[in-house]
Student: 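Handing you this structure, nothing more for now.
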Number of protein chains: 2
Amino acid sequence: MATLTTVTVPVPRSDKGEATRAAIATAAQALFLERGYDKTTMRAVAERAGVSLGNAYYYFGSKEHLIQAFYDRIQVEHTAAAEAALAHETTFAGRLRGTLTAWVDVAEPYHHFAGKFFKVAAEPASPLSPFSPESAPAREASVALMARVVDGADLKVPATVRGELPELLWLAQMGVVLFWVHDSSEGRRRTRQLVDRAVPLVDRLVRLTRLPGVRGAADDIVALVRSLRA
Amino acid sequence: MATLTTVTVPVPRSDKGEATRAAIATAAQALFLERGYDKTTMRAVAERAGVSLGNAYYYFGSKEHLIQAFYDRIQVEHTAAAEAALAHETTFAGRLRGTLTAWVDVAEPYHHFAGKFFKVAAEPASPLSPFSPESAPAREASVALMARVVDGADLKVPATVRGELPELLWLAQMGVVLFWVHDSSEGRRRTRQLVDRAVPLVDRLVRLTRLPGVRGAADDIVALVRSLRA
DNA sequence: GTCTATAACTAGATAGAC
DNA sequence: GTCTATCTAGTTATAGAC
């Protein structure tokens, strides 16, 4: 159980501060895309933003904090791109595939420094960890998106399973992200293959939970997941 | 598909070099345990080892390379500890549980800096990534251990499933490690609970693959895993 | 060629004045 | 809020010793 720690995030109180903060974030994003994370120095970010090094640190506690903006950006873009797919897909498999493929599309421009990205996110103490309190809004938004995948679909499964499905699908998405990070094929061809092949499988597994022999096991999985959240 | 990159590892050619290398690794391990990863400086490691800073870098390309020794140590200790459990367990569930619990026991002393550990391992380009070529020996040893879990057990499942089971169980172990890294409960109580609850579930799921309706899905999973390895 | 050492460089982070 | 000056520690360059 994570102890709840208070994190001091310098939220700008004035309009001027807001503008400065945005300038720094924008400069960082541009430089990360141009040169990648490692080759972008805090000094270069500050210079491009037109502020001093010390001032950049006033708004962002560390270089890693500048990454959070990408997290948020991808999340927002993904939701928009997924909605387009969800609008015309009615089957569970179609909706899930559309949503996952939309993520791969949206994330592509950032792949070349996704390693650093992921590295930071993997540290438990990091606010960028997908399990951290700070990431709760983005995580909940992603789970909510998976809920929309399930809700609009032609899916008949036990209520217990259905209730936990969005969170389980989010976890599956984390698995896709893990694969994607390691995928150096052109255009993330291999990740797309993984999605195309795994989705029908997931579809099949989910529907199998209606089988008497399988349902008990599925309920146990649900109970386990619930107990881990506590 | 990972491109095969040549990695220059300075393997000492003389006995003296070997001794120096060992002294540095030993000093690093002691300091990491005493103060943690972040608070251990390369200068401190060099000093404790009785060598210059530059010399430390001659043997270890970066501070992160010093972590590899822990990887190897845990792997060796885990195999030994697991053998003890495997010697008197005959059921699949018992053998799996003993092996996973042995890992939690062995890894406990290193938990306080496991975050850094994991952070480094999460970067795809890192030689410490569990999927990297450099980690192949340790990974293969872990998979081989899982093969021993399966081989000595009372398990009747389709041959296709059985063939991939060691690797799938290794993947499950990675999941336990991920949970463990984030687990701040005393004595890793929650991770142990996870193992205790998940093992019977895995046992049940594996045996379910004999059901006609489930077997097809299981074969698809096996096929997917195989295609991803290519 | 294999090792080892010293000095210098780089960039993330902090302290304190304004 | 913003700046300048400074600190720290990972890393590299390079010269020389075995």
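The sequence lines fix the lettering, A, B, ..., with proteins before strands; numbering per chain opens at 1.
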Student: For A:Arg148, I'd like to know if atom CZ has over 12 heavy atoms of other residues, nucleotides or ligands within 6.0 Å.
Tutor: no

Student: Might you list the N or O atoms of the protein lying below 3.5 Å from N or O atoms in nucleotides 7-11 of chain C, with each pair's distance?
Tutor:
none

Student: Of all the choices, C:dT2, D:dG1, D:dC3, which nucleotide is nearest to the side chain of B:Ser14 once you look at every atom?
Tutor: C:dT2

Student: Compare side-chain N and O positions of B:Asn55 against OP1 and OP2 of C:dA5 and report whether any pair is under 4.0 Å apart.
Tutor: yes

Student: In terms of side-chain geometry, is the basic nitrogen of B:Arg97 or B:Glu89 positioned less than 4.0 Å from the acidic oxygen of its partner?
Tutor: no

Student: Among D:dT11, D:dT4, C:dA5, which is the nearest nucleotide to the side chain of B:Ser62?
Tutor: D:dT11

Student: Taking the side chain of B:Lys16 as its heavy atoms from C-beta onward, which of C:dT6, D:dT2, C:dC3 lies nearest to it?
Tutor: C:dC3

Student: Describe, in one word, how the ring planes of A:Phe32 and A:Phe113 are oriented to each other, choosing from parallel (under 30°), tilted (30 to 60°) and perpendicular (over 60°).
Tutor: tilted

Student: Starting from P on C:dG12, measure out to CD1 on A:Ile67 and report it in whole angstrom.
Tutor: 12 Å

Student: Find the distance B:Tyr59:OH to D:dT11:P and express it as a whole number of Å.
Tutor: 19 Å

Student: In chain order, what residues pass the side-chain contact (heavy atoms from CB on, under 4.5 Å) check against B:Ser52, with sequence neighbours excluded?
Tutor: B:Asn55

Student: So, is B:Thr20 close to the C:dC3 phosphate, meaning a side-chain N or O under 4.0 Å from OP1 or OP2?
Tutor: no

Student: Taking atom P of D:dT6 as reference, at what distance in whole Å does atom OH of A:Tyr57 sit?
Tutor: 18 Å

Student: I need the NZ-P distance between A:Lys116 and C:dG12, as an integer number of Å.
Tutor: 12 Å

Student: List in chain and number order the residues that pass side-chain contact (heavy atoms from CB on, under 4.5 Å) with A:Ala25, two or more places apart in sequence or in another chain; answer none if no residue qualifies.
Tutor: A:Phe60

Student: Check the surroundings of atom CD in B:Glu77: do more than 12 heavy atoms from other residues, nucleotides or ligands lie under 6.0 Å from it?
Tutor: yes

Student: Any salt bridge linking A:Arg95 with A:Asp151? Criterion: basic side-chain nitrogen under 4.0 Å from a carboxylate oxygen.
Tutor: no

Student: Without decimals, in angstroms, what is the distance between B:Arg35 CZ and D:dA9 P?
Tutor: 10 Å

Student: Does OP1 or OP2 of D:dG1 have a side-chain N or O of A:Tyr58 closer than 4.0 Å?
Tutor: yes

Student: Rounding to a whole Å, what distance do you find between B:Glu47:CD and D:dA9:P?
Tutor: 13 Å

Student: Nearest-Å distance, CG (A:Asp38) to P (D:dT11)?
Tutor: 11 Å

